[in-house]
Amino acid sequence: QVQLVESGGGLVQAGGSLTLSCAASGSIFSINAMGWYRQAPGKQRELVATIARGGYTNYADSVKGRFTISRNNAMNAVYLHMNSLKPEDTAVYYCNANGVPFGSWGQGTQVTVSS
């Protein structure tokens with residue numbers, strides 16, 4: 001059992017920046033990949049970025065070049081630094097450990113980008 005807790009969401013203006021944090025606890029030794037997903041109202045949850053334990057990253061095309069995922073393995077934490085935010089980035093952002101559909105999820109943190 002892995003518990004994930006996100007933080008750092010909030011309200012920002014378009015073009016602004018925000019950094020999300022996710023702290024893992026529980027069976028942390030079972031964690032390999034971690035990542036961020038988001039879900040906007042009326043839409044399915046979608047991948048934002050993932051990072052393997054060794055540091056390899058993967059990004060959705062919509063955020064590539066604007067968002068950066070990083071990981072602190074020693075602290076069992078993953079971060080998402082978001083730059084040049086757009087209203088289309090508005091969503092609940094969820095931390096994930098070990099992928100979908102069987103990985104663990106955090107409770108989500110709301111990111112709202114105003115125009």
Side-chain angles (χ1 to χ4, degrees):
Q1 60 288 342
V2 175
Q3 297 180 49
L4 303 171
V5 179
E6 304 97 334
S7 62
L11 174 64
V12 298
Q13 292 184 320
S17 298
L18 199 63
T19 298
L20 307 181
S21 300
C22 173
S25 62
S27 300
I28 58 176
F29 297 116
S30 70
I31 299 175
N32 187 0
M34 297 190 72
W36 291 94
Y37 292 70
R38 67 187 182 187
Q39 187 168 25
K43 297 183 178 180
Q44 293 194 87
R45 192 170 299 184
E46 64 177 357
L47 181 147
V48 177
T50 60
I51 184 167
R53 195 166 188 88
Y56 290 98
T57 58
N58 181 44
Y59 296 92
D61 289 342
S62 59
V63 307
K64 193 172 298 182
R66 299 189 297 119
F67 292 10
T68 302
I69 188 170
S70 63
R71 183 172 180 174
N72 186 327
N73 290 327
M75 296 184 65
N76 303 302
V78 63
Y79 309 92
L80 185 69
H81 182 61
M82 304 181 290
N83 292 318
S84 302
L85 283 161
K86 305 174 181 179
E88 305 93 272
D89 297 317
T90 295
V92 177
Y93 284 70
Y94 296 91
C95 184
N96 171 270
N98 291 330
V100 295
F102 304 116
S104 299
W105 296 94
Q107 83 288 349
T109 185
Q110 177 71 47
V111 173
T112 302
V113 184
S114 61
S115 59

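All residue numbers refer to positions in the sequence shown, counting from 1. None of these values were measured; they are calculated from a predicted model.
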Close side-chain approach of R38 and K43, heavy atoms under 4.5 Å: no
C22 SG to M34 CE distance, which is reported to the nearest 0.5 Å: 4.5 Å
Under 3.5 Å: donor-acceptor pair, side chain of T50, backbone of G35: no
Considering all heavy atoms, the nearest I31-R53 contact: O-NH1, 3.4 Å
Single-linkage hydrophobic cluster, 4.5 Å side-chain cutoff, V78 and V5 together: no
Minimal non-hydrogen separation, F67 against Y93, with atom names: CE2-OH, 4.0 Å
Atom of N83, atom of S17 and distance for their closest heavy-atom approach: OD1-OG, 2.8 Å
Common cluster, V100/L47, ILVMFWY with side-chain heavy-atom separation under 4.5 Å: yes
Gap between atom CG of L80 and atom SG of C95 - 0.5 Å precision: 10.0 Å
Expected output: side-chain T90 to main-chain V113 donor-acceptor under 3.5 Å: yes
Main-chain N/O of A24 paired with N76 side-chain donor or acceptor, under 3.5 Å: no
Heavy-atom closest pair, residues A14 and P87: CB-CD, 4.1 Å
Polar side-chain atom of Q107 near backbone of E6 as donor-acceptor pair, under 3.5 Å: yes
From T57 atom OG1 to K64 atom NZ, the distance as rounded to the nearest 0.5 Å: 9.0 Å
Test item: R66 side-chain N/O and S84 main-chain N/O as donor-acceptor pair under 3.5 Å: yes
Within-4.5 Å side-chain heavy-atom neighbours: T112 and V12: no
Validation row: V2, I28 side chains within 4.5 angstrom (heavy atoms): no
Distance in Å, N58 CG paired with I51 CD1, rounded so as to fall on 0.5 Å steps: 11.0 Å
Donor-acceptor under 3.5 Å (T19 side chain, H81 main chain): no
Nearest non-hydrogen partners of S104 and L4, listed with the distance: O-CD1, 3.3 Å
Test: R45 cationic atom under 6.0 Å from Y94 six-membered ring centre, within 45° of axis: yes
Sub-4.5 Å side-chain heavy-atom contact between Y59 and V48: no
Ion pair D89/K86, N-O distance below 4.0 Å: no
N96 side, atom CG; W105 side, atom CH2 - distance, nearest 0.5 Å: 4.5 Å
Side chain to side chain contact (heavy atoms under 4.5 Å, CB included) between L20 and W36, worked out: CA-CA 9 Å; L20 307 181; W36 291 94; 3.6 Å; yes
Main-chain N/O of Y37 paired with E46 side-chain donor or acceptor, under 3.5 Å: no
